[in-house]
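This report refers to the structure that appears directly beneath it.
Computation of the quantities below employed the complete heavy-atom set of this structure, encompassing side-chain atoms and omitting hydrogens, waters and symmetry-equivalent molecules. Keep in mind that what you see is a predicted model, and the values were worked out from it rather than measured. We're numbering straight along the sequence, starting at 1.
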Amino acid sequence: MDLRVVDLEACGRRDLGTFAIVGTGQTTHHCRRLGDLVARTLKDLKIPALDAFCWGTKNDEWVLARCGPYAVHLFTQSAREEYQLEALWTRP
């Protein structure tokens with residue numbers, strides 16, 4: 001899996017959260033399972049004031065797991081190349 005962590009505050013996008021984690025899954029189902037796993041694991045840790053949840057279906061090419069001030073974006077390879085979120089956030 002290809003992962004990248006983006007410091008949203010350094011990019012001037014603190015309105016979106018503190019950090020974004022962008023990853024590439026092998027299939028749409030893989031992306032959804034990873035998003036569910038991230039959200040469920042954080043819920044199980046019972047961290048106060050951290051509401052974790054996951055958006056997307058098993059057929060979506062872009063799945064988002066919100067974990068308080070952190071966002072985990074999981075894409076298929078083709079969707080990640082199409083949307084290029086890292087480039088969008090880091091442009092001046």
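Residues that satisfy the side chain to side chain donor-acceptor pair (under 3.5 Å) test with Gln84, not counting sequence neighbours, are absent from this structure. Applying the salt bridge (charged side-chain N to carboxylate O under 4.0 Å, His left out) test to Asp2 and every residue at least two apart in sequence or in another chain returns Arg80. Remark: Glu82 pairs with no residue by the side chain to side chain contact (heavy atoms under 4.5 Å, CB included) rule, at least two apart or across chains. Here Asp36 pairs with Arg32 under the side chain to side chain donor-acceptor pair (under 3.5 Å) rule; sequence neighbours left out.
Separation of atoms CZ (Arg4) and CD1 (Ile21) is listed at 13.0 Å; rounding is to 0.5 Å. Expressed to the nearest 0.5 Å, how far CG of Leu74 lies from CG of Leu3 amounts to 8.0 Å. For the atom pair CG of Asp60 and SG of Cys31, the computed distance is 9.5 Å after rounding to the nearest 0.5 Å.
Using a cutoff of 4.0 Å between basic side-chain nitrogens and carboxylate oxygens, Arg13 and Asp15 are scored as salt-bridged.
Of all the heavy atoms in Gly35 and Cys54, the pair that sits closest is C-SG, 3.6 Å.
Within the 4.5 Å cutoff, no side-chain heavy atoms of Leu8 are placed close to those of Arg14.
A chain of hydrophobic side-chain contacts below 4.5 Å, direct or via other Ile, Leu, Val, Met, Phe, Trp or Tyr residues, connects Val6 to Leu16. A continuous path of hydrophobic side-chain contacts links Leu42 to Phe19 [ILVMFWY only; heavy atoms under 4.5 Å]. Using a 4.5 Å cut-off between side-chain heavy atoms of Ile, Leu, Val, Met, Phe, Trp and Tyr, with links allowed through other members, Leu34 and Val72 fall into the same hydrophobic cluster. Taken together through direct or relayed side-chain contacts under 4.5 Å among Ile, Leu, Val, Met, Phe, Trp and Tyr, Val5 and Val38 form part of one hydrophobic cluster.
Residue Thr76 forms a side chain to side chain contact (heavy atoms under 4.5 Å, CB included) with just one option from Glu61, His30, Gln26, and that option is Glu61.
Taking Ile, Leu, Val, Met, Phe, Trp and Tyr as hydrophobic and joining them when side-chain heavy atoms fall under 4.5 Å apart, one finds Leu37 isolated, its cluster having no other members.
Identified under the ring pair (Phe, Tyr, Trp, His ring centres under 6.0 Å) test for residues 63-83, with sequence neighbours left out: Trp62-His73, Trp62-Phe75, Trp62-Tyr83, His73-Trp89.
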